[in-house]
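Here's the structure, in structure tokens; my notes come after.
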Amino acid sequence: MPTRRSKKSLKVMIIEDEQDILLLYKDYLINKGHQVLVTSTSASEILPDYAKVEPDITIIDYRLPGKDGLEAAIQIYSKYPSAAILIVTAYDTVIDEVSKEKTFQGKKFSTIIKPVKLINLENKIYEVLKIK
């Protein structure tokens, strides 16, 4: 089955505390023609980082030092309500948590469960952005 391709290069921001996973996502997306403009291992500077590039999609790990990925996503949506966010988590319970959070309803938002196959990551990005 062929993979979907976006008509343009996407601007991507990745927040992932595990450096090897962050680099894996980054290398994969760059090789697929996307621009990974910001990477970080914590969400401490999430709003200033977001403001610098206003990415098409932000990929955020759920478990981060300091604030978790959902808190970071809520911060982004409070200032950028049309943002597109993908939460990556190893915890199925996060999906229940997300479904109860009103901030995410009607937003360009989704979750994906680790371990993540890279092709599934890319397809989930397209799904969040509604790119066919």
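Just so you know, these numbers come straight off a predicted model, no measurement behind them. Quick note: residue numbers are just sequence positions, from 1.
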Side chain to side chain contact (heavy atoms under 4.5 Å, CB included) evaluation trace for V36 with Y25: CA-CA 9 Å; V36 178; Y25 294 168; over 6 Å; no
Taking the side chain as every heavy atom from C-beta outward, state whether [X] and [Y] have any atom pair closer than 4.5 Å.
{"X": "S110", "Y": "L86", "result": "yes"}
{"X": "I46", "Y": "M13", "result": "yes"}
{"X": "V38", "Y": "T58", "result": "no"}
{"X": "K124", "Y": "L121", "result": "no"}

[atom1] of [X] to [atom2] of [Y]: how many Å apart, nearest 0.5 Å?
{"X": "I59", "Y": "I15", "atom1": "CD1", "atom2": "CD1", "result": "10.0 Å"}
{"X": "D92", "Y": "T111", "atom1": "CG", "atom2": "OG1", "result": "9.5 Å"}
{"X": "E122", "Y": "I131", "atom1": "CD", "atom2": "CD1", "result": "10.0 Å"}
{"X": "L29", "Y": "I14", "atom1": "CG", "atom2": "CD1", "result": "5.5 Å"}
{"X": "E101", "Y": "I74", "atom1": "CD", "atom2": "CD1", "result": "4.0 Å"}
{"X": "T89", "Y": "L70", "atom1": "OG1", "atom2": "CG", "result": "8.0 Å"}

Side-chain (E18) to main-chain (D20) donor-acceptor, under 3.5 angstrom: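 Side chain of E18 to backbone of D20, a donor-acceptor pair under 3.5 Å: no, none is there.
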What pair of heavy atoms forms the shortest contact from [X] to [Y], and how long is it?
{"X": "D56", "Y": "A84", "value": "O-CB, 3.2 Å"}
{"X": "T39", "Y": "K26", "value": "CG2-CD, 4.1 Å"}
{"X": "A83", "Y": "Y77", "value": "O-CE2, 3.2 Å"}
{"X": "I119", "Y": "Y28", "value": "CA-OH, 3.5 Å"}
{"X": "G33", "Y": "S9", "value": "O-OG, 2.7 Å"}
{"X": "L47", "Y": "Q75", "value": "CD2-O, 3.6 Å"}

Parallel, tilted or perpendicular: ring planes of H34 versus Y126, cut at 30 and 60 degrees: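 Answer is perpendicular, since the angle exceeds 60°.
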Determine, using the 4.5 Å side-chain heavy-atom cutoff (strictly less than), whether [X] and [Y] are members of one ILVMFWY cluster.
{"X": "L129", "Y": "L118", "result": "yes"}
{"X": "Y62", "Y": "I76", "result": "yes"}
{"X": "V116", "Y": "I125", "result": "yes"}
{"X": "L64", "Y": "Y50", "result": "yes"}
{"X": "V12", "Y": "L37", "result": "no"}

Trace of the side chain to side chain contact (heavy atoms under 4.5 Å, CB included) decision for V128 with I85: CA-CA 8 Å; V128 171; I85 298 174; over 6 Å; no
Criterion side chain to side chain donor-acceptor pair (under 3.5 Å) on Y80 and E54, from CA distance to verdict: CA-CA 9 Å; Y80 303 94; E54 292 195 28; 4.7 Å; no
Working for side chain to side chain contact (heavy atoms under 4.5 Å, CB included), residues E45 and S40: CA-CA 9 Å; E45 296 295 314; S40 181; 6.0 Å; no
Over 12 foreign heavy atoms within 6.0 Å of NZ, K11: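 Counting neighbours around NZ of K11, more than 12 heavy atoms of other residues, nucleotides or ligands fall under 6.0 Å, so yes.
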Atom NZ of K114: over 12 foreign heavy atoms under 6.0 Å: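 Yes, because the 6.0 Å sphere around NZ of K114 holds more than 12 heavy atoms from other groups.
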